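The figures here come from the full heavy-atom set of this structure, side chains too, leaving out hydrogens, waters and symmetry mates. These numbers come from a predicted model, not from an experiment.
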Amino acid sequence: MSSASIKIQVQTEDFDHAIEYQNLTENQQSAGAVVTFTGLVRDMNLDNQVTGLYLEHYPVMTEKSLMDIAQQANQRWQLGKITIIHRVGSLALGDQIVFVGVTSKHRKSAFESCEFLIDFLKTSAPFWKKETSKDKDYWIEARSEDSTAAKKWG
Amino acid sequence: MSSASIKIQVQTEDFDHAIEYQNLTENQQSAGAVVTFTGLVRDMNLDNQVTGLYLEHYPVMTEKSLMDIAQQANQRWQLGKITIIHRVGSLALGDQIVFVGVTSKHRKSAFESCEFLIDFLKTSAPFWKKETSKDKDYWIEARSEDSTAAKKWG
Amino acid sequence: MKVVFFGQLKEILGVSQLENVGPFENVALLRAELQKTDENWQQSLSSERCLVAVNHVLSDDSCELTGDEEVAFFPPVTGG
Amino acid sequence: MKVVFFGQLKEILGVSQLENVGPFENVALLRAELQKTDENWQQSLSSERCLVAVNHVLSDDSCELTGDEEVAFFPPVTGG
């Protein structure tokens, strides 16, 4: 029943948004909707002037948890393709951190599943961010908004 | 207060998703989230094997209504950039029909505003689709799901 | 005023625009006059079946007209 | 069994992994033993402060262990 084609990647290198979009839409004649989410390193977080980011992760578990999240989405919605790419290591201001892309027949399921994927990634995939600002480095604290966002999916 | 940079285009030519993504993220150091929606011509609609699509529109009103929708989103959410591109004329199976892209500090507002934009486009922008199937051409009827989707934004 | 039609409505009526119509005081009166044409126009232009825009903005029967407007009638939209 | 630590917890404890730990019957017993190390470990390894994964799957104190597992303790995740 659930037969989306799933692609998971955890990598230090940057990804090419254009290639990922192309891969998503290839051979997807039944897909009427494509939704992509991209997370970027932004200049301000809380009151800090961010200059960069270091992303630690738990190898093996990372891939496993991303695959698990993708399969959950695959069972909840009728999807064509699911792509999740997450970078690790040192990132600079403006860099791409994460890509989540889905195709579906209808836009509602495309939007919902894409948001579901990133909401769950943010609360259950083992990544930890250390931000670099002008004066100091510090580990980011988990945001309560993120667990609220994940809980809304029941 | 509301100061997103808005780009609206109605055109017969195809658009390049990669270029639109690039334009969205350029000079957006405060943007942590980019969400894009792309609508494609899909092979099946209701029980018909679709072979193509003709999109009619009401020039001048089209641009005006898209700009109006973008400005509504701009007032509801804090956004960096908004891009809406809609094609008109003859389209083939798999062709891109519409692109909606937004950048924002946070993913919640990026997802919400992107979905708001396409929901309202679908009920208030003057485009009409005529589908071509093997045996006949027919005008698509408006879907009640679309007005339901638009109404959820209150 | 100018009256324009789009989509399936344009095909059903067999006309895309009418010049020098009216003047009429509001959209309701314009619509009623157009509906007098024949049974086909009567049905197709009913307010349940089509939307109306005045000078490129979605509007309704109560919208007042001065005579310089472009009034458009069309089926519910299906873009996106 | 092997115990690994990540993120800020790893820095606070000053260690990234422990080999040949235990065996313990469940996560709760393993955690309690580790917390005996000192005040720092006592606080940092409390179940309110950190998550636990057994063999790369999110788990909790009640999870039974045989002795061959890799158990990970880490702060709430912050990727994406």
Side-chain angles (χ1 to χ4, degrees), chain A residues 10 37-42 45-46 53-69 72 84-89 91 96-100 114-131 137-147 149-150, chain D residues 1-22 24 26-27 30-31 34 39-80:
Chain A
V10 179
F37 168 82
T38 317
L40 309 173
V41 181
R42 70 169 189 281
N45 190 21
L46 307 173
L53 204 63
Y54 176 77
L55 261 152
E56 182 172 318
H57 74 128
Y58 180 7
V60 183
M61 181 171 170
T62 328
E63 289 80 358
K64 211 167 174 170
S65 66
L66 295 181
M67 183 53 88
D68 179 60
I69 296 165
Q72 283 183 50
I84 307 177
I85 303 176
H86 204 298
R87 293 178 67 193
V88 293
L91 302 182
Q96 300 183 127
I97 304 169
V98 59
F99 175 88
V100 179
C114 190
E115 200 171 0
F116 170 93
L117 288 163
I118 184 68
D119 280 353
F120 270 78
L121 186 157
K122 287 224 166 221
T123 53
S124 67
F127 295 100
W128 301 273
K129 276 183 192 147
K130 193 175 201 172
E131 256 174 19
D137 292 2
Y138 47 88
W139 291 96
I140 306 241
E141 303 265 327
R143 303 189 319 149
S144 63
E145 295 98 303
D146 286 331
S147 46
Chain D
M1 72 188 66
K2 186 173 161 187
V3 179
V4 294
F5 306 101
F6 290 97
Q8 190 165 23
L9 182 64
K10 180 177 68 181
E11 287 190 359
I12 288 172
L13 301 181
V15 59
S16 63
Q17 67 177 66
L18 305 169
E19 306 272 0
N20 302 317
V21 179
F24 296 95
N26 57 42
V27 170
L30 164 64
R31 187 200 298 270
L34 294 172
E39 186 62 25
N40 186 18
W41 285 59
Q42 175 68 34
Q43 282 185 11
S44 306
L45 283 169
S46 77
S47 53
E48 297 85 52
R49 293 235 180 157
C50 64
L51 303 176
V52 61
V54 176
N55 288 338
H56 308 107
V57 175
L58 275 179
S59 192
D60 60 36
D61 273 1
S62 69
C63 180
E64 290 185 17
L65 303 172
T66 64
D68 296 330
E69 290 85 359
E70 176 169 310
V71 181
F73 292 96
F74 45 76
V77 302
T78 57

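Looking at A:W128 and D:T78, their side chains come closer than 4.5 Å, going by heavy atoms from C-beta outward. Taking 4.5 Å as the limit, some side-chain heavy atom of A:Y58 sits within range of a side-chain heavy atom of D:H56. Contact check for D:F74 versus A:E56: no side-chain heavy atoms found under the 4.5 Å cut-off.
Heavy-atom distances place no part of A:S65 under 4.5 Å from chain D, backbone and side chain included. Heavy atoms closer than 4.5 Å to chain D are found in both the backbone and the side chain of A:K122. In this structure, chain D has heavy atoms under 4.5 Å from both the backbone and the side chain of A:S124.
Other residues, nucleotides and ligands contribute only 12 or fewer heavy atoms inside 6.0 Å of the CD atom of A:E141. In this structure, A:E145 places its CD atom where more than 12 heavy-atom neighbours from other residues, nucleotides or ligands lie under 6.0 Å away.
Scanning both residues, A:L121 and D:V77, for their nearest heavy atoms gives O-CG2, 4.4 Å. Looking at every heavy atom in both residues, D:F6 comes nearest to A:H57 through CE2-O, 3.5 Å. Here the shortest heavy-atom pairing between D:A53 and A:M61 reads CB-SD, 3.6 Å.
In this structure a side-chain-to-backbone donor-acceptor pair under 3.5 Å is missing from A:K130 to D:Q8.
In terms of heavy-atom pairs under 4.5 Å with chain D, the best-connected choice from A:F99, A:F127, A:F37 is A:F127.
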